[in-house]
Each structure stands twice: as C-alpha cells, then as structure tokens.
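The structure under discussion appears below in the form of structure tokens.
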Amino acid sequence: MTISSRISTHLKFRHIRFMLTLAETRSMARTALRLSISYPAVVKTRQEIEDVIGARLLDGRGDDTTLTEVGASLVRACARISAELDCAGEEITALRDGLKGHVLVGLRVRDALRWFAPVAVAFRKRYPGISLSLVDGLHQDIAEGRVDLGLARIGPARKADELEFAPLFPIRSVIVGSGIFAAASSGGMPWPEMVSGSWCLPPLNTPLRDRFDDFLNNRNLPKPKDVIEVSDITAQVEILRAGPFFGITSQDIGRELQRTKIARIVANVPELDDDIALIWRAKARLHPAVFQLKQFILEQIDAPRAGPR
C-alpha cells in the first residue's frame, strides 16, 4: 500500500487537529492541554500518525518539539484540508439558511456584458439573497481584491500567477476607421500609413491594448503617436463620430458601427483575437456568494448558448 493510500485510508480528522495544534503549541504537553486529552493520548496519536506515514514527525527529545521535514509537510497538508472544510461549512450553512451576500463583477467589454446579462438575471432568480454590482474592473482590480470576479479578455495574462482564467467564448477583433479613414477598407491602406494616423485606443496595460502593442512590435511597426485613450465603448463611439480616427473593437461592435455609418471595418487582425474569460483570484478563499456565482457562470460554458463573435 502506498503512503497516499495509507493516508487516505487511516488518517482521521483527530489526527489533523493534533498536527495543527502541535505545530501551533510546539509542545506535546501543551497540545494535550489544548485538546483536553491526556499526555499518553497525544503520544499514542503521534505514534498512530508516524505508523501511517512511515516516518518520524518530530526531532529531538523532551517536551519541546521541532517538526521534521516530513512533519512540516504534513502540517501544511492538514492546514489546506482544514481550510477547505471551513469553507465547505460556510457554504453549507449559507445554502441551508439562504445564501446572502454581495458580489462585485468587473466588466468593461460590451460583448462580455451582453453574454453576462441573461446569466445575471437567471442567477438572481435562483439566489435572490445575493445582490450584484457590475463595475468597471480588469485584471489588476481582481488581483488586488477591488473586484470579486471579472469577465474580460484574457490578453497576454501578465498576472497569470495571481489569477485564474476560465474561457467563456471567443471574441474576434477588428480595426475600424471613421471619417476619411473609413476609406482604408477599400483602398487597402498599408500599416505604416495607418499607424501614422489618429487612433482611439484602450488604455495602456489593458488586455486588448497589450495585444495590439505586441502585434505592432512583431511587425516592427511604430506605435501610434496621436492617441486618445478610452476605457468604454460609449466614449469610443463618440470619438469616432467626432472625427477621423482608427480604433480597435470586437467584430460584433464593428458591424454595428458600420450599420449606423459611424465607422467602417478596415482590417481583420487575427493576432488580436482572444477569449472572454471568467477571472478570479488564484489561491484566494472566495466568499460563499462569490463562489456560488463563479460556479453558476461556469455551468453556462456547456449550456446551449453562444457568445458574441
């Protein structure tokens, strides 16, 4: 029998409590007092665990204890198990008593909002005790805890070690032009001329802007110098309407701009294509309301509905 199978078969919750208390008190005698059991009982518990793992838990003699490398590893595992059980207890209590809470959802891309809106309505019907706020927020806001969950482009994912991503649907990106730049769609304006024009772009260090900058770098093209930065589609539409600008947007919104004669799609750029993903903090303990919304959104991935393209 392997160590893993022996641990899963023979390690009991009282053993986990013993290991966590021992790590905290660093004393067999104080562990006995904390757990309200006799000293011989803690010695027996220690021996049971050592028999299961086939290694010593402690170095040295006497009451003061120093964990061996194996003992410290087991303490870390016990801490993870205890944290998961605490989280499960909170979730079960919340579900039993009626889940309540408030969740901040970061959204900036209109395509993500269109996808999420019916999901949010269905979620609120199932969990009326959980309120939602849709706010402006991207990767940095999620990583720093200002936003609970986000729906956004993955981008180059600079914070991949701090965040977790679950792709929801693909999003294609296009270059649009307004005013005199709308003619670039028929004339096939070369990229060096395009980047010398006026641009309406997302802010620096946002997923779509990062992909655009990478695209220019890979083609050895200079970055546009005449730039107005906008963080939402409403501002972008008004800038495009006000004068001749190039801009980046989703294919879906680009088609809307064409229908309303605000701008025209002048180039399809596969290098800017991405996925809209559900994003949350890695290794973070989520509030039960946040966890429930996360799970509800993930259930929609296999549901028979498509996101914008």
Side-chain angles (χ1 to χ4, degrees), residues 83-84 86-155 157 159-160 162-171 202-203 205-208 230-237 249-250 252-253 256 274-309:
E84 286 294 325
D86 287 344
C87 189
E90 289 181 8
E91 291 168 14
I92 291 168
T93 300
L95 290 169
R96 182 195 64 197
D97 299 338
L99 198 57
K100 295 179 176 64
H102 184 72
V103 185
L104 293 173
V105 182
L107 286 158
R108 183 175 291 179
V109 181
R110 184 190 287 182
D111 304 74
L113 177 57
R114 285 177 174 169
W115 187 93
F116 181 65
V119 176
V121 171
F123 178 80
R124 289 279 291 122
K125 286 181 179 178
R126 184 181 296 184
Y127 302 102
I130 301 177
S131 57
L132 305 178
S133 288
L134 309 186
V135 299
D136 183 55
L138 289 177
H139 300 60
Q140 186 74 23
D141 303 288
I142 302 165
E144 295 179 1
R146 292 188 293 272
V147 173
D148 297 312
L149 300 172
L151 277 77
R153 295 172 184 264
I154 295 177
K159 294 187 171 293
E162 301 176 40
L163 301 171
E164 293 192 42
F165 301 82
L168 299 174
F169 62 87
I171 182 168
N205 301 318
T206 56
L208 184 55
V230 295
S231 60
D232 64 77
I233 183 59
T234 302
Q236 184 185 45
V237 167
T249 190
S250 70
D252 188 56
I253 292 174
E256 282 187 26
D274 207 338
D275 284 301
I276 295 294
L278 175 63
I279 309 171
W280 65 94
R281 275 178 291 166
K283 304 173 185 176
R285 188 175 170 186
L286 301 179
H287 183 277
V290 178
F291 177 82
Q292 204 63 42
L293 178 58
K294 185 192 86 168
Q295 295 303 108
F296 190 86
I297 293 172
L298 294 178
E299 289 172 6
Q300 312 308 309
I301 297 177
D302 297 323
R305 60 197 306 276
R309 298 181 68 85

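The shown structure was predicted, so the numbers you read here are calculated from the model rather than taken from an experiment.
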Side chain to side chain, L293 and W280, heavy atoms closer than 4.5 Å
no
Check the pair V103 / I130 against side-chain contact (heavy atoms from CB on, under 4.5 Å), numbers first and verdict last.
CA-CA 7 Å; V103 185; I130 301 177; 3.9 Å; yes
Specify whether H139 and F165 have parallel, tilted or perpendicular ring planes, treating 30° as the upper limit for parallel and 60° as the lower limit for perpendicular.
tilted
Which residues pass the side chain to side chain contact (heavy atoms under 4.5 Å, CB included) test with D232, not counting sequence neighbours?
T234, A235
Which heavy atom in L298 sits nearest to a heavy atom in A166, and how many Å separate them?
CD2-CB, 3.5 Å
Check whether any side-chain heavy atom of D252 sits under 4.5 Å from a side-chain heavy atom of R114, and report yes or no.
yes
Going by the rule side chain to side chain donor-acceptor pair (under 3.5 Å), which residues pair with D136 if we only count those two or more places apart in sequence or in a different chain?
R108
What pair of heavy atoms forms the shortest contact from R153 to I276, and how long is it?
N-CD1, 3.7 Å
Would you call K294 and E164 a salt bridge, taking side-chain N to carboxylate O under 4.0 Å as the test?
no
Backbone of L104 reached by a side-chain donor or acceptor of D148 within 3.5 Å:
yes
Would you say that V109 contacts S250 through its side chain, given a criterion of any heavy-atom pair below 4.5 Å between the two side chains?
no
Residues forming a side chain to side chain donor-acceptor pair (under 3.5 Å) with E84, sequence neighbours excluded:
none
Give me the atom names and distance for the closest heavy-atom approach of G101 to A289.
CA-CB, 4.0 Å
Rounded distance (nearest 0.5 Å) linking atom CG of L168 with atom CD1 of I154:
8.5 Å
Determine whether R110 and E256 make a side-chain contact, defined as any pair of heavy atoms from C-beta on separated by less than 4.5 Å.
yes
Considering all heavy atoms of both residues, which atom of V147 and which atom of G106 are nearest to each other, and what is their separation?
CG1-N, 3.2 Å
What residues form a ring-ring contact (aromatic ring centres under 6.0 Å, His included) with F291, not counting sequence neighbours?
none
Could you state the interatomic distance from CG (D111) to CG (D274), rounded to the nearest 0.5 Å?
11.5 Å
Test side-chain contact (heavy atoms from CB on, under 4.5 Å) on I297 and F123 and set out the steps.
CA-CA 9 Å; I297 293 172; F123 178 80; over 6 Å; no
Under the side chain to side chain donor-acceptor pair (under 3.5 Å) rule, collect the residues that match up with R146, sequence neighbours excluded.
D141, E144
Contact summary for H102 and S131, nearest pair of heavy atoms
ND1-OG, 2.5 Å
Between P167 and I301, which heavy-atom pair has the shortest distance, and what is it?
O-CD1, 3.6 Å
Please lay out, stage by stage, how I253 and I233 fare under the test side-chain contact (heavy atoms from CB on, under 4.5 Å).
CA-CA 9 Å; I253 292 174; I233 183 59; 3.6 Å; yes
Does the side chain of L278 reach to within under 4.5 Å of the side chain of L149, using non-hydrogen atoms?
yes
Contact check, side chains of I279 and L151, non-hydrogen atoms, under 4.5 Å
no
Quick one: list whatever passes side chain to side chain contact (heavy atoms under 4.5 Å, CB included) with L113, sequence neighbours left out.
L107, L134
Looking at Q300 and F296, would you say the former's side chain and the latter's main chain have a donor-acceptor pair under 3.5 Å?
yes
